[in-house]
Number of protein chains: 2
Amino acid sequence: MKSISERQKIILEFIQDFIEVNDYPPTIRDIQAGCNISSTSVVSYNLDKLKETGYLDRNSEVSRGLKLTKNNSDFSVPLLGTIAAGSPFPLPDNDTWSDVNGQEIIEIPHSMINSPDGVYALKVKGESMIDAFISDGDLVIMEQTSNVRNGQMAAVRIISDDSTTLKHVYSDGEYTKLEPANKQMKAMTFESNNIQILSKVIGVWRYLG
Amino acid sequence: MKSISERQKIILEFIQDFIEVNDYPPTIRDIQAGCNISSTSVVSYNLDKLKETGYLDRNSEVSRGLKLTKNNSDFSVPLLGTIAAGSPFPLPDNDTWSDVNGQEIIEIPHSMINSPDGVYALKVKGESMIDAFISDGDLVIMEQTSNVRNGQMAAVRIISDDSTTLKHVYSDGEYTKLEPANKQMKAMTFESNNIQILSKVIGVWRYLG
DNA sequence: GATATTTTAGAACATTTGTGCTATGATTAA
DNA sequence: TTAATCATAGCACAAATGTTCTAAAATATC
């Protein structure tokens, strides 16, 4: 998965700021001090990771041999948690957004969304979403909104069941039909006040080999 | 005088090119190799000079701690020689322009000229130009052209005398009047075919203390 | 021409800085 | 749980790199 850890995000921002101020990149020890990292080897380790994920070029054995490469054509959205059968469906809240530490970051191309506001990612655990053609390990990109058009896929909570699934949503006001992506399975219709739209699905990403 | 040596100009261009390619500044030894300089101390020496003249910032004891500061609002023109009584008036020629080595470079603000083409500088030796209010040590900025408007100051050669002076030029076609900047002295009129316009004067710079 | 100043050379030195290694804790996979 | 992988720590080492010093050459100054 092409995401970077929080520490790597901090390092990346430090490098950007440092270059902004000094016009030359920081040394490993500059980064160490600037990001409160205990060891130079940890910095080096994470710089290599950032190179692997393509966020920067690293000229080895060259002091300050760093070059930021990532184009700014991606939005960063948080990976808020996992979707698993029996677990509550994670939703962003104020705490989640402000609590940056420990969050993984997912990069979304600009072409996919207009704004990262309310957008987050969830990783699927297990096969509970199999009828939405979403399998174990997939990454679901969601936007927190209750405003979905008919036919769009959304995370829907059936209040009477206290269950949450990903379904295509059709509503005529009084009733809401939930239709699985897998047409082999039958759609179900509920009273609209028994249905809560949690978030709409923007995309599903599957990383293979 | 705020000019830099040819070697310093080469160093400056090397630094610019290096940053262009690598996104980080060169080390002293990079410069040494790139500019064919025999010693690191010479590079360091010239970097200090460039810092004094304001062409770059130098963060001492910091590797690659260079930052180009000079705004690109100046043209570089060559200092071709000196104006001295009895000496021939230096004029640019093809050799002069192509022979970059050993020439001092003068920086001209963009606001002063539209283009550095044909523009050069001369340093005044002695008081031979005193009637143009130009004294020893002044720097005269000239543009090689024979196209001067009436009233402009130019370097004018009086062919019959084989002498060259800086005078305000007024021509009505058949006759050309040469008027000293110092109105106390009298103007002289010559047949136009006895007069050769060498260059027009763009400015006079005097550096004091 | 004699003297002072600037510039270049060369080399040694000290600091900076990237790397390598081992150990430890944290997280994940089976 | 147990093993494996990932991430962090700490330290020592070697290479990279800026500095310093002396001397010579070039240039400017008087």
Side-chain angles (χ1 to χ4, degrees), chain A residues 1 3-11 15 18 22 24-53 56-67 79 81-82 84 101-104 123-126 136-137 207, chain B residues 1 3-11 15 18 22 24-53 56-67 79 81-82 84 101-105 123 125-126 136-137 207:
Chain A
M1 176 151 25
S3 64
I4 60 175
S5 72
E6 187 56 27
R7 171 163 274 179
Q8 283 157 24
K9 193 186 172 192
I10 293 175
I11 290 176
I15 294 174
F18 190 100
N22 298 286
Y24 48 81
T27 65
I28 284 183
R29 283 172 178 82
D30 289 333
I31 299 171
Q32 182 189 10
C35 301
N36 270 41
I37 298 175
S38 63
S39 173
T40 57
S41 64
V42 175
V43 178
S44 183
Y45 174 86
N46 282 289
L47 288 181
D48 282 338
K49 290 291 173 188
L50 285 169
K51 182 176 182 178
E52 283 174 19
T53 47
L56 52 79
D57 269 354
R58 208 180 168 205
N59 218 333
S60 77
E61 307 201 4
V62 169
S63 73
R64 305 175 190 276
L66 304 173
K67 184 195 295 194
L79 175 60
T82 58
N101 62 342
Q103 280 182 13
E104 263 201 300
K123 196 174 185 179
V124 175
K125 283 272 197 181
D136 186 24
Y207 292 90
Chain B
M1 175 150 25
S3 64
I4 60 175
S5 72
E6 186 58 25
R7 168 163 276 179
Q8 283 159 24
K9 192 187 173 193
I10 292 175
I11 289 176
I15 294 174
F18 191 100
N22 299 286
Y24 49 80
T27 66
I28 284 183
R29 282 171 179 82
D30 288 334
I31 300 171
Q32 181 189 11
C35 301
N36 271 41
I37 298 174
S38 63
S39 174
T40 58
S41 64
V42 175
V43 178
S44 183
Y45 173 86
N46 282 287
L47 289 180
D48 282 338
K49 288 292 172 186
L50 285 170
K51 182 175 182 179
E52 284 175 17
T53 48
L56 52 79
D57 269 356
R58 210 184 164 198
N59 218 331
S60 76
E61 308 199 3
V62 169
S63 73
R64 304 175 190 277
L66 302 174
K67 184 194 295 191
L79 175 59
T82 58
N101 62 342
Q103 279 183 12
E104 261 202 301
I105 301 297
K123 195 172 186 181
K125 283 272 196 181
D136 187 23
Y207 292 90

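Note that the structure is predicted; figures quoted are calculated from it, not measured. Within every chain, numbering begins at 1; the chains are lettered A, B, ... in the order of the sequence lines, protein sequences first and strands thereafter.
- To the nearest 0.5 Å, atom CD of residue A/E52 and atom CD of residue A/Q8 are 9.0 Å apart.
- Looking at B/I10 and B/I15, their side chains never come closer than 4.5 Å, going by heavy atoms from C-beta outward.
- Sequence neighbours left out, the pairs with a member in residues 25-45 of chain B that pass salt bridge (Lys or Arg N to Asp or Glu O under 4.0 Å) are B/D30-B/R64.
- Remark: B/T40 engages no residue in a side-chain hydrogen bond (donor to acceptor under 3.5 Å, both in side chains) (not counting sequence neighbours).
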Distances under 3.5 Å between protein N/O atoms and the N/O atoms of nucleotides 23-28 of chain C, please, pair by pair.
none

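- At a non-hydrogen distance threshold of 4.0 Å, B/T27, B/I28, B/R29 from residues 25-36 of chain B come into contact with DNA chain D.
- Residues satisfying the side-chain hydrogen bond (donor to acceptor under 3.5 Å, both in side chains) criterion with B/D48, sequence neighbours excluded, are B/R58.
- In terms of the side-chain contact (heavy atoms from CB on, under 4.5 Å) criterion, residue partners of B/S39 (sequence neighbours excluded) are, by chain and number, B/S41, B/V42.
- Here C/dA9 presents its P atom at 8 Å from CD1 of B/I37, a figure rounded to the nearest Å.
- For the helix from C/dG1-D/dC30 to C/dA30-D/dT1, the angle separating the two terminal helix axes comes to 40°, with each axis derived from five pairs and the value rounded to 10°.
- In this structure, the side chains of B/L66 and B/D57 stay at 4.5 Å or more apart for every pair of heavy atoms.
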Task: Nucleic acid footprint by protein, nucleotides 24-30 of chain D - heavy-atom cut-off 4.0 Å, B for base, S for sugar-phosphate alone - done: -------

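- The shortest distance between the side-chain N/O atoms of B/R7 and the OP1/OP2 oxygens of C/dT7 is not below 4.0 Å.
- As a whole-Å value, the separation of B/L56 CG from D/dG18 P is 13 Å.
- In this model, the phosphate group of D/dA9 is approached by a side-chain N or O of A/S38 to a distance below 4.0 Å at OP1 or OP2.
- Between the NZ atom in A/K9 and the CG atom in A/N46 there is a gap of 15.0 Å [rounded to 0.5 Å].
- Here the CD1-CD1 distance, from A/I31 to A/I11, works out to 6.5 Å after rounding to the nearest 0.5 Å.
- Against DNA chain D, the stretch residues 40-50 of chain A makes heavy-atom approaches under 4.0 Å through A/T40, A/S41, A/V42, A/Y45, A/N46, A/K49.
- In this structure, the side chains of A/P26 and A/C35 stay at 4.5 Å or more apart for every pair of heavy atoms.
- We find that CD of A/E61 is positioned 14 Å from C1' of D/dT17, with the value rounded to whole Å.
- Not counting sequence neighbours, A/Y45 has no partner by the side-chain hydrogen bond (donor to acceptor under 3.5 Å, both in side chains) test.
- Partners of A/K67 according to the salt bridge (Lys or Arg N to Asp or Glu O under 4.0 Å) rule, which considers only residues two or more places apart in sequence or in another chain, do not exist here.
- Dashed line: the shortest gap from a side-chain N or O of B/S63 to OP1 or OP2 of C/dT16 is not under 4.0 Å.
- Between atom CD1 of residue A/I37 and atom CD of residue A/Q32 there is a gap of 7.5 Å, rounded to the nearest 0.5 Å.
- Applying the side-chain hydrogen bond (donor to acceptor under 3.5 Å, both in side chains) rule to A/N59 yields the partners B/Y24; only residues at least two apart in sequence or on another chain are considered.
- Regarding B/N59, its CG atom lies at a distance of 12 Å from the C1' atom of D/dG18, rounded to whole Å.
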